[in-house]
Amino acid sequence: MGRVGLTTERLVRAGAELADEAGFEEVTVSALARRFDVKVASLYSHVKNSQDLRTRIALLALEELADRAADALAGRAGKDALTALANVYRDYAHQHPGRYAAAQLRLDPETAAASAGVRHAQMTRALLRGYDLAEPDRTHAVRLLGSVFNGYVGLEQGGSFSHSAPDTDETWARVLDALDALLRNWPAA
């Protein structure tokens with residue numbers, strides 16, 4: 001094991017790369033062992049099983065996304081912040097499709113509470129302060145943004161928009177314009 005320098009971090013990063021190359025659903029301890037040309041048993045001192053490996057990849061992806069979002073949001077408000085956050089998610093999904101899929105993994109409540117997912121929610125709520133939304137509307141808006149960002153990216157990655165004009169970048173810009181207009185004119189309860 002020491003001869004190939006296996007560590008938990010190295011395995012998780014290799015698993016994330018495998019997810020980007022082959023798809024998150026293809027990430028298993030067996031696939032990772034093949035990648036390192038080692039026996040599966042040699043990986044169990046670093047990860048418990050394939051689910052543990054996938055969870056660790058999800059946590060890595062959430063952390064990477066949160067770091068990118070924090071950098072993109074710094075000093076921005078209103079539509080600029082909305083666009084920056086949306087583009088972080090879309091760009092990350094294009095650059096790291098397997099990791100993006102991993103970030104959608106359902107985590108147990110304790111793991112989720114300790115993850116960078118909390119930072120994502122905090123940043124989204126901070127962005128929404130620029131739109132002067134009170135609770136429970138802020139929670140509704142967080143859910144709306146997550147649904148639109150993830151839904152658009154998922155459909156785009158699945159090829160659903162590739163059959164017709166206009167270009168998906170143009171549609172994305174219009175979707176963000178529409179979200180901004182909606183957030184500025186949030187309907188009364």
Side-chain angles (χ1 to χ4, degrees), residues 1 5-33 35-36 38-74 81-82 84-129 133-154 157:
M1 193 162 37
L6 294 181
T7 65
T8 302
E9 181 181 351
R10 185 169 179 215
L11 290 174
V12 171
R13 291 212 172 269
E17 290 170 13
L18 177 61
D20 287 339
E21 294 164 12
F24 184 57
E25 65 283 347
E26 299 300 318
V27 175
T28 63
V29 173
S30 297
L32 210 51
R35 180 166 267 212
F36 283 100
V38 297
K39 294 186 186 297
V40 172
S42 66
L43 302 186
Y44 289 128
S45 62
H46 302 287
V47 293
K48 294 176 192 170
N49 52 39
S50 292
Q51 185 59 39
D52 180 44
L53 175 61
R54 287 188 195 106
T55 297
R56 290 172 186 270
I57 295 167
L59 294 173
L60 171 68
L62 287 169
E63 190 72 35
E64 290 175 344
L65 264 168
D67 290 345
R68 288 182 183 201
D71 288 344
L73 287 171
L82 174 67
L85 183 64
N87 286 336
V88 163
Y89 284 103
R90 186 173 180 234
D91 293 346
Y92 189 81
H94 286 253
Q95 294 164 5
H96 299 290
R99 292 178 205 209
Y100 188 78
Q104 312 308 312
L105 182 69
R106 185 180 185 139
L107 302 172
D108 67 75
E110 185 177 316
T111 302
S115 77
V118 174
R119 286 176 55 205
H120 290 268
Q122 290 168 339
M123 285 185 278
T124 304
R125 287 179 176 282
L127 175 158
L128 290 170
R129 282 196 295 268
L133 296 176
E135 286 300 345
D137 289 330
R138 192 174 298 148
T139 297
H140 297 318
V142 167
R143 292 172 180 168
L144 171 70
L145 294 179
S147 299
V148 172
F149 297 167
N150 290 316
Y152 191 93
V153 165
Q157 286 184 319

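- Other residues, nucleotides and ligands contribute over 12 non-hydrogen atoms within 6.0 Å of the CD atom of Glu25.
- With no hydrogens or angles considered, no side-chain donor-acceptor pair links Thr28 and Arg54 at under 3.5 Å.
- Pairing each heavy atom of Ala58 with each of Ala102, the nearest pair is CB-O, 3.1 Å.
- Between Lys48 atom NZ and Arg56 atom CZ the span is 7.5 Å, to the nearest 0.5 Å.
- Rounding to the nearest 0.5 Å places CZ of Phe36 at 5.0 Å from CG of Leu11.
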Inset, instruction - Tell me, with the steps shown, if Arg13 and Glu64 meet salt bridge (charged side-chain N to carboxylate O under 4.0 Å, His left out). - result: CA-CA 12 Å; Arg13 291 212 172 269; Glu64 290 175 344; 3.4 Å; yes
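- Checked against the 6.0 Å centroid threshold, His96 and Tyr100 do not count as a close aromatic pair.
- Contact check for Val153 versus Tyr92: no side-chain heavy atoms found under the 4.5 Å cut-off.
- Within 6.0 Å of CD in Gln51 there are more than 12 heavy atoms belonging to other residues, nucleotides or ligands.
- Residues Met123 and Leu127 are not in side-chain contact: their nearest non-hydrogen atoms beyond the backbone lie 4.5 Å or more apart.
- Between Arg99 and Asp20, some side-chain heavy-atom pair lies under the 4.5 Å cut-off.
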Inset, instruction - Any chance you could lay out the side chain to side chain contact (heavy atoms under 4.5 Å, CB included) test for Glu26 and Leu18, step after step, and finish with the verdict? - result: CA-CA 8 Å; Glu26 299 300 318; Leu18 177 61; 5.5 Å; no
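- Of all non-hydrogen atoms in Ala141 and Leu133, the two that sit nearest each other are CB-CD1, 3.6 Å.
- Between Ser45 and Ser42, the closest heavy-atom pair is OG-O, 3.7 Å.
- Of all heavy-atom pairs spanning His120 and Ala116, the tightest one is CD2-O, 2.9 Å.
- Inter-residue side-chain proximity for Val88 and Asp71 is flagged as unmet; no heavy-atom pair is nearer than 4.5 Å.
- Between the CZ atom in Arg119 and the CG atom in Leu62 there is a gap of 10.0 Å [rounded to 0.5 Å].
- Checking side-chain atoms of Gln157 against main-chain N and O of Ala93 turns up a donor-acceptor pair under 3.5 Å.
- With a 4.5 Å cut-off on side-chain heavy atoms, His46 and Val12 do not count as touching.
- Listed here is the closest heavy atom pair of Phe24 and Gly98: CB-O, 3.7 Å.
- With a 4.5 Å cut-off on side-chain heavy atoms, Leu82 and Leu145 count as touching.
- The two residues Leu73 and Ala81 have their closest heavy-atom pair at CD2-O, 3.3 Å.
- We find the OG1-OH distance between Thr124 and Tyr89 to be 5.0 Å, quoted to the nearest 0.5 Å.
- With hydrogens and angles ignored, the 3.5 Å screen pairs no side-chain donor or acceptor of Glu17 with any backbone N or O of Glu21.
- Here the OG1 atom belonging to Thr8 is positioned 10.0 Å from the CG atom belonging to Leu43, to the nearest 0.5 angstrom.
- The closest side-chain heavy-atom distance from Val29 to Asp52 is not below 4.5 Å.
- Between atom CZ of residue Arg138 and atom CZ of residue Arg143 there is a gap of 14.0 Å, rounded to the nearest 0.5 Å.
- With a 4.5 Å cut-off on side-chain heavy atoms, Val27 and Leu32 do not count as touching.
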